[in-house]
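We count residues from 1, following the sequence as given. Just follow the structure's listing: the first ligand is 1, and inside any ligand the first atom is 1.
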Amino acid sequence: MPEWPEPQRPDFVQPVRRPPALVKADALAFLIFERPDLDKSERFLLDFGLQVIRRDADALYLRASASEACCYVVRRGQQARFIGVGFELRESSGLDVLVKQAGARRISKLDIPGGGQAVLLTDPLGHEVWVLAGRQHSSCMIEQEPRLPTNTPTATPRVNATVRPSFGPAKVARLGHVVFQTTDFAGLTEWYMRHFGLLPTDVLYLPDGSPNLIFFRFDRGSEPADHHSVVIAGGLTNSYEHSAYEVQDLDALGQSSQFLRSRNWKHAWGIGRHSLGSQLFDYWFDPYGAEHEHYADGDVFTADYAPRYSPMNAAGVWMWGDDVPPHMLPKPNLITVWRAIRLLCSGKLSLARLKQMGAALSAPARPWMK
Ligand SMILES: [Fe+2]
């Protein structure tokens, strides 16, 4: 798959134009989900590798191993749905900027483990967007398995020592990224770039050269940031696609995959290695069918790394591993047709763009495989 750095971008490919940023977000803080049954969610999330910090009648707060602050909130509610996302800023002055210039609402008493100051926005999809500063990240890293050196054909640093990773839930280190699909790709990507200074790392374009999926990273200047922390894809729905959580390495990924299987959770995709971002990955469904990804060994980039442009297709999603499963691609069924018709009738999608999206995703990912 060709990857064009910005300076070599082909003429027909439209560049992503970044609006001036109101603030620069530094990290994801947490995700918020609504679920009818907290017990069911808790069972999955503990097996997935998160830990409960607090539970009350109507909410569940979980953490990962790298910080005592909450990275996952489950609210009890009627529906199973994604509610929103939290971002962290380095400086609390950014909160004032969002109040004055974006109409953010100040939260006077923040009752989410990790504390700090917070303001609340709503994104164009209607998600709650919490913005926090001054959270407490006590250095309470939960012990990971000791990592042994890897033997290779040219070097065998591991002598008289065996590899025996333990069987059990992964020790998830942190929340890594969240992926959204939207029917308003231009509007949603502009909103997130403008509010949080997100930087495009990889941009996938349709056959006509128009961007339709962006992997965004945080602007941390000379400090490296993950290849992506927010991904926005154009499509026929407005939806949460998946969220991802970092584990130590391939052994942690593999052993936790066996453990989740032993607990009868439903596997979604993996193990494999992504191309854009390079992560080793393994996807699981939570009890409500929402995809949760374990990953390890992802790329990181400083702010001066230029965006890269690639054609959008299924083949670009992974380097090796099982083929991308059909549930991750638009389904060729009546619901999809109905969604497309509604978007066409409402003027939110043009027929030309719909054809471009279809062409991009219908190309066989592995033409050499039958
Ligand atoms: Fe992912």
Side-chain angles (χ1 to χ4, degrees), residues 1 3 27-31 33 44-45 48-50 64 66 71-72 82 85 87 127 170 172-182 185 188-189 192 198-204 212-218 224-235 237 239-250 252-254 256-257 260 265-286 289-301 308 310 312-330 361 365:
M1 181 179 72
E3 294 177 37
L28 285 179
F30 48 71
L31 301 180
F33 294 82
F44 170 77
L45 294 166
F48 188 74
L50 295 173
C71 72
Y72 198 110
F82 180 76
V85 55
F87 291 98
H127 297 146
V172 164
R174 65 193 177 95
L175 165 65
H177 60 261
V178 61
V179 181
F180 301 124
Q181 183 180 152
T182 176
F185 177 77
L188 195 65
T189 51
Y192 274 95
L198 301 184
L199 301 174
T201 309
D202 273 298
V203 179
L204 304 188
N212 196 53
L213 190 153
I214 303 180
F215 292 87
F216 286 110
R217 71 187 186 282
F218 292 120
D226 288 350
H227 172 273
H228 56 274
S229 295
V230 174
V231 181
I232 297 177
T237 63
S239 50
Y240 158 92
E241 290 297 308
H242 73 263
S243 50
Y245 305 82
E246 188 175 21
V247 300
Q248 179 160 270
D249 56 16
L250 181 58
L253 204 74
S256 95
S257 195
L260 286 160
W265 296 112
K266 196 171 167 205
H267 190 236
W269 187 31
I271 293 173
R273 191 181 276 276
H274 281 304
S275 28
L276 303 173
S278 305
Q279 305 96 331
L280 297 159
F281 64 81
D282 191 35
Y283 288 72
W284 290 84
F285 291 110
D286 84 350
E291 286 172 19
H292 288 61
E293 174 188 5
H294 278 147
Y295 75 92
D297 192 23
D299 296 332
V300 294
F301 298 95
R308 293 191 174 234
S310 312
M312 184 170 168
N313 54 48
V317 178
W318 83 113
M319 299 288 293
W320 57 258
D322 287 342
D323 284 7
V324 63
H327 67 78
M328 287 189 168
L329 297 169
L361 293 174

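Aromatic rings of Phe48 and Tyr245 (six-membered ring for Trp) have centroids within the 6.0 Å cut-off, being under it. If you look at Phe82 and Phe33, their ring centroids are closer than 6.0 Å.
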>> salt bridge (Lys or Arg N to Asp or Glu O under 4.0 Å), that's the test. Do Asp226 and Arg174 meet it? Break it down for me.
In response: CA-CA 12 Å; Asp226 288 350; Arg174 65 193 177 95; 2.9 Å; yes

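Protein N/O/S atoms found under 2.8 Å from the Fe ion (ligand 1): His177 NE2, His242 NE2, Glu293 OE1.
Every ring pair (Phe, Tyr, Trp, His ring centres under 6.0 Å) that His227 has, sequence neighbours left out, goes to Phe215, Phe301. Here Asp249 pairs with Arg147 under the salt bridge (Lys or Arg N to Asp or Glu O under 4.0 Å) rule; sequence neighbours left out. Residues meeting the salt bridge (Lys or Arg N to Asp or Glu O under 4.0 Å) test with Arg273, sequence neighbours left out: Asp297.
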